[in-house]
Amino acid sequence: MIETFHQLKPYSLSKEEKQERLFGELKELTEYHREHCKEYARFLESVGYDQDNIKTCEDIPFFPVRMFKECDLMSIKPEDVFKTMTSSGTTGQKVSRIYVDKENAMVQQKVMVRILGDYIGKKRIPVLVIDTPSVLKDRSKFSARGAAIIGLRVIAKEMVFALNDDMSLNQEVFEAFLQKYQDSFFLIFGFTFIVWQHFYKVLDEKTHKYDLSNAFLMTGGGWKKLASQSVTNGDFKNSFGKLCGIHHFLDHYGMVEQTGCIYAECECGHLHASIYSDVIVRNPMDFSPCKIGEKGIVQVLSVLPRSYPGHSLLTEDEGVILGEDDCPCGRKGKYIRIFGRMKSAELRGCSDTYGTGS
Amino acid sequence: MQNSGGAVILMQKEYDDIRFYYPETCCFEEMAELPALDIFDEGVCSFLDKLSDLIRHDKECRNYPDVLTFGFFCRRAHIEQLKKNYSEKNRLGRGLTFHIAPSNVAINFAYSMAAALLAGNPCAVRVSEKDFAQTHMIGRLLREASKETKNQERDIGRYIALFTYGKKREITDHLSKLCAVRVIWGGDQTIGEIRKSPLRPRSSEITFADRYSLCVLGARTVLAEKRMDRLAGDFYNDTYLFDQNACSSPRLIYWIGEADEIKAAKERFWSAVSDFLKDKYQVGPKVAVDKLMTEYKAAAVIPGIKFERKSANLINRMELMELVPEIAGFTCPGGSFFEYGDVNFNALRSVVTEKFQTLSYYGADKEELISFIKTNGISGIDRVVPVGHTADFSLIWDGYDLIRTMSRIVDGFGQY
């Protein structure tokens, strides 16, 4: 049961111990969802699932995370849905719908707090969100961005939004926050691209320089947009360090389909899997597991999803496992690097003429 | 665009957005004024023969089998052969034809152009925005052919323009208004986009919409086949050669035979295909996940599906317990197949719609298949061809007789 996980520190299990606990829980979840989700049962039938052939975590069946955009997958009664989380998607695109009951929502929050606690401590702290408050009000925008911010509420002593609706910096609110908390430990949180575009660049142009050296800068959402501006993770940190003295960074990888189980970046710049989750990188040729150091498609495992069958998912991201149990930061478990979304293939054939694509 | 006395004229700045492959530039209004020709006009036939000759003796073309195949298509002997099906005397072209060619198949535009010429029409061909070497080759050889045939009775070189432009609506609008026949290759989305540009009331249109194709395989014949490599190669030419993304590429494999024969024949067939693919075809990460996605999407809707992945991610097979109409909704390029087995064709009756285009067969009788389609009044399947020939160009395509659709008949009856 998941309760036994809560009694352990989030990065305290080494390979064998972790595999044993994780495997037991994931196998149970597979059976649970088979009984409670009709579509999931069909998936298992289609792949010829046989409980007796499942010997390790690698044998747990997986399906593409995009399936949550195609059909409603849930293992609870519709009346027990406590909240529906949706993934970010540009207009016209389908969004993922994740159905969470009360119990699962609490577990997600608890795990998120436990993981973050390992990096920033257990005390509630002030949080400066680099986003507009309307990201929570506007239902159409209530997505990964909104969900992540709401998730942080539990660790926030006070939460303040630094941007106006037009994404300009709300100078008044920003200054007031600093006046109150500048000398104590606080968290700045935002999506990587927004933090760079609407925070760093704005501060950089100001003649007045701010001292943010007590801050932990937490980011998420990937580096693809910044890469197109030739800004790397390293540049990002250096720039913030030089401009306002920030030297604590906490980037993370995660997805709305496995909310709670984030992969947070340690001091060595590695993203870590906690005891609640794991990563398998798969070879695109045959989906066999890759060795450490081999690039492939990222599969994520998590023991949290019980109200929907999201415990074993193949993502659309490419990544690599850098090592296991031996990161210099001392955290046990696998540590990874994410390269971002897989590239679309250029296909032959006459099915698209006018170039609805590029 | 400007409207002067009803006629629409393309402005210079819009011409600047057009990239010409042949000729250097042209006036579309003048092209539209060119006299229509008889079908299989002598001038057109000798022009195509000249082009064929140039292609077959060109050094660069040698490396492009698709260009060479086109070269063979338009040689005189072959055109004479085709002409035999068109004995009517009073047929002539309708006027300017405007073609929107596929973006991903390099040579397709050339067939569309040749068919329109043989139907007696000038042709303005918008080729793919991708700068294919094949387009340059045909452009270059058209210049040469045109130079050499200039002094003949008809200057056929003036009947052709090859060009491309972005998605400029003004240009599509203009050419659509100017043309007598519009030919749109490719999917439903493209057709919808182009249809925003109206045609003149008398103009007509040929559209090649999204289609679904299938392959019928006789289990017993597969088990007796000695050259499995050749059968696999033919199947490859129908499917993976175009990333299984051509409208004629089969997506459903319909096995005929007794259950145990089918089981053995499947083993034999797919292992031969797998061997053939090994060094020839690669599946990228995105396509691998897309194919997986297609399987799960189908599994969520169709009960009893079984995934078969013996050949890693090269061949994705979905075995069906029964044939259901939903299968046509799950198409994915890159080697994704539904499979169904039965003792006869009857199950096809409930799934084939007008969306179905090509039925390729091996170990089945063509006449029997055609008669099955006719006696059951099945609304789809426009072509029945042997495995390996689904992509062969013919003047009857997708149920259209290209020559007759792009020409008109002068009806002379009675005597005064």
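Lettering of chains follows the sequences in order, A, B, ..., and the numbering in each one begins at 1. Please read all numbers here as calculations on a predicted model, not as lab measurements.
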**Distance, nearest 0.5 Å, that separates SG of B/C332 from CG of B/D243** = 10.5 Å

**Prompt:** Among B/V289, B/I302, B/V283, which has the most heavy-atom pairs under 4.5 Å with chain A?
**Reply:** B/V289

**Asked** So B/Y240 and B/F337, would you call those rings parallel, tilted or perpendicular, with 30° and 60° as cut-offs?
**Response** tilted

**chain B contact residues among residues 52-63 of chain A, heavy-atom distance under 4.5 Å** = A/F62, A/F63

**Message:** Using 30° and 60° as the class boundaries, would you call the ring planes of B/W185 and B/F393 parallel, tilted or perpendicular?
**Reply:** tilted

**Request:** Using non-hydrogen atoms and a 4.5 Å limit, figure out which bit of B/P303 sits close to chain A: side chain, backbone, both or neither.
**Result:** both

**Request:** Answer yes or no: is there an ion pair linking B/R19 with B/D131, defined by an N-O contact shorter than 4.0 Å?
**Result:** yes

**Partner set under salt bridge (charged side-chain N to carboxylate O under 4.0 Å, His left out) for B/E308, not counting sequence neighbours** = B/K310

**Prompt:** Got a second to check how far B/R126's CZ is from B/H99's NE2, nearest 0.5 Å?
**Reply:** 13.5 Å

**Fill in**
The reported gap from CZ in B/F98 to OG in B/S176 (rounded to nearest 0.5 angstrom) is 5.0 Å

**ring pair (Phe, Tyr, Trp, His ring centres under 6.0 Å) partners for A/H270, two or more places apart** = A/Y335

**Message:** Evaluate B/F307 against B/Y296 for ring pair (Phe, Tyr, Trp, His ring centres under 6.0 Å), listing each step before the verdict.
**Reply:** CA-CA 9 Å; B/F307 304 158; B/Y296 281 104; 5.3 Å; yes

**Message:** Please check if the number of heavy atoms outside A/R337 that lie under 6.0 Å from its CZ is greater than 12.
**Reply:** no

**Asked** Which bit of A/E70 is near chain B, if near means a heavy-atom gap under 4.5 Å: side chain, backbone, both or neither?
**Response** side chain

**Request:** May I ask you to establish whether A/K27 and A/F23 are in a cation-pi arrangement, using a distance under 6.0 Å from NZ or CZ to the six-membered ring centre and at most 45° from the ring axis?
**Result:** no

**Complete:** Within residues 303-324 of chain A, the residues sitting under 4.5 Å from chain B by heavy atom, in sequence order, are A/L314, A/E316, A/E318

**Item:** Heavy-atom pair count under 4.5 Å with chain B, highest-scoring of A/E45, A/E39, A/M285
**Value:** A/M285

